[in-house]
Enquirer: 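My structure is below; once you've seen it, I'll send some questions.
Note that the coordinates shown come from a computational prediction; the quantities given were computed from them, not determined experimentally.
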There are 2 protein chains.
Amino acid sequence: MSRMPLEERREALVAATLAVVERDGIGGATTRAIVTEAGMPLGALHYAFASVDHLLAAAIDAVTDQERIVAEAPLATGTGADLTEVLAAGVEGYVSLLVERPARELAYLELMLHASRQRLDDGPGAGGYERSYDVLAGLLETAAATAGCVWTAPPRALARHAVAMLDGITTTWLADHDTEAAMAGARFLASALAAHATGRPTEED
Amino acid sequence: MSRMPLEERREALVAATLAVVERDGIGGATTRAIVTEAGMPLGALHYAFASVDHLLAAAIDAVTDQERIVAEAPLATGTGADLTEVLAAGVEGYVSLLVERPARELAYLELMLHASRQRLDDGPGAGGYERSYDVLAGLLETAAATAGCVWTAPPRALARHAVAMLDGITTTWLADHDTEAAMAGARFLASALAAHATGRPTEED
DNA sequence: CCTCAACTTGGACGGACGACCAAAAACCTG
DNA sequence: CAGGTTTTTGGTCGTCCGTCCAAGTTGAGG
């Protein structure tokens, strides 16, 4: 293998690990499978990481650091945009992503649970979903602005609830592949969130 | 080992499997760990099941068949029971269960994801959460009756959303161990559900 | 008591695993 | 080019895995 900075090699191994977990599940994430995926010789893994567990941990960090919930470009700011519809469109966008590439979401959940098990008896553990909460809180603010509404509850708290429901929509869809029901769940979440915002401010004038 | 009917032996192995997964995760569910947990010799497993995968599948079926969401005894039917509070109490009861025995919920999720991965490319697969939906739908009916309300959406659909949110509350709590936030999620779910019922019928007279 | 089928048991086999390491190669400094 | 350090490589070790199987044990029917 060509010479390569250590950090870059680590990132390549992390990327290969994510690909392997997406394809074969966390049980298939073995040293040999990972280095094969990365096109590296066997010894490369233990030169960059102390053990596979360390690599797994780095892969989990990479997932949590990255912005899981990719925002669909906010809907065109139609003049009379309804908050519930704006939110529903966003969540339904996530469901479309899930249906299109379920193995990716499945891999994320497997990694999350793997990390959760190690933390079972320890302290709370380094913030797991924190980044998702931040991203989603930002989206909520944007959505409210688009619809001309104001949140009556802390967006950050609402974001946590939204992340939870998104996770649940994912696990249930993975179990039964019922896309229509998942979309209904998206609308349920949207209206539940909208209940914590003022209606159109114009109604209050 | 004492003589034992085949079916009873299968059930004992399934129970041992669930115990092992709860303690060591799905990765620790090996033939030897399972038979040791069950107090059986090594060969017993392959006499009762064709392979460990078949045993795993049986364990998953056992989980889905059993009523995951144990209903807290419905709140005393106070005269002026508020639907949101009745629901919140129930969901908070589940959160208490989760906090008290997180490894159990973690094991269930691991098994569910394991089954989901095998079904990724197949058809929808045998109903996974169906039983949970049924149980929860029944609880919703009971809660509405207690509070003297009527659902304005199909309880079965609401049950699915509730199961999803419960799953999400579980995964997020497992990630950050934030019990207070999980309780807030419980109340969020309760009020979101209550929004799909008529207020107290007395108000509509 | 004998027979036979059902059941039980633990050893054995081939394979895959994580980890380690000695040698080879590449690179940098003088 | 020579010497020394870092990086790369693939072979090897001990362990554990799932599965198989050939014996051993049990208990009911004749």
Enquirer: Roughly how far apart are His161(B) NE2 and Met165(A) CE, rounded to 0.5 Å?
Expert: 6.0 Å
Enquirer: Give the dot-bracket line for DNA chain D from 5' end to 3' end: parentheses for intra-strand Watson-Crick or G-U pairs under 3.5 Å, square brackets for crossings, | for inter-strand pairing, dots for unpaired.
Expert: |..|||||||||||||||||||||||||.|
Enquirer: So, the side chain of Arg160(B) versus the backbone of Ala184(A): is there a donor-acceptor pair under 3.5 Å, distance only?
Expert: no
Enquirer: Side chains of Tyr108(B) and Thr170(B): any donor to acceptor distance under 3.5 Å?
Expert: no
Enquirer: Is there a donor-acceptor pair closer than 3.5 Å between any side-chain N or O of Trp173(B) and the backbone N or O of Pro102(B)?
Expert: no
Enquirer: Which pairs with one or both residues in residues 182-195 of chain A pass side-chain hydrogen bond (donor to acceptor under 3.5 Å, both in side chains), sequence neighbours excluded?
Expert: Glu92(A)-Arg187(A)
Enquirer: Test your reading of the model: is there a side-chain donor-acceptor pair from Thr198(A) to the backbone of Val150(A), 3.5 Å cut-off?
Expert: yes
Enquirer: Round to a whole Å and report the spacing from CG of Leu45(A) to P of dG18(C).
Expert: 9 Å
Enquirer: What are the residues of residues 46-56 of chain B, sorted by number, that bring a heavy atom to within less than 4.0 Å of DNA chain D?
Expert: His46(B), Ser51(B), Val52(B)
Enquirer: If you measure from the Lys or Arg side-chain nitrogens to the Asp or Glu carboxylate oxygens, is any gap between Glu141(A) and Arg156(A) under 4.0 Å?
Expert: no
Enquirer: Which atom names give the shortest non-hydrogen contact between Leu87(A) and Ala143(A), and what distance separates them?
Expert: CD2-CB, 3.7 Å
Enquirer: Give a yes/no on whether any side-chain N or O of Thr31(A) is located under 4.0 angstrom from OP1 or OP2 of dC17(C).
Expert: no
Enquirer: Tell me the interatomic distance from Ile34(A), atom CD1, to dA19(C), atom P, rounded to whole angstroms.
Expert: 11 Å
Enquirer: Could you note down all residue pairs passing ring pair (Phe, Tyr, Trp, His ring centres under 6.0 Å) where residues 35-57 of chain B supplies at least one of them, sequence neighbours left out?
Expert: none
Enquirer: What residue pairs, at least two apart or across chains, pass salt bridge (Lys or Arg N to Asp or Glu O under 4.0 Å) with a residue in residues 32-46 of chain A?
Expert: Arg23(A)-Glu37(A)
Enquirer: Please tabulate, one pair per line, each protein N/O and nucleotide N/O from nucleotides 10-13 of chain D that are separated by under 3.5 Å, including the distance.
Expert:
unit_1	atom_1	unit_2	atom_2	d
dG10(D)	N7	Gly43(A)	N	3.3

Enquirer: Does dT7(D) have OP1 or OP2 under 4.0 Å away from a side-chain N or O of Arg9(A)?
Expert: no
Enquirer: Considering non-hydrogen atoms only, spot the tightest contact between Ala107(B) and Val21(B) and give its length.
Expert: CB-CG1, 3.7 Å
Enquirer: If I take atom CG in residue Leu6(A) and atom P in nucleotide dT5(D), what distance separates them, rounded to the nearest angstrom?
Expert: 19 Å
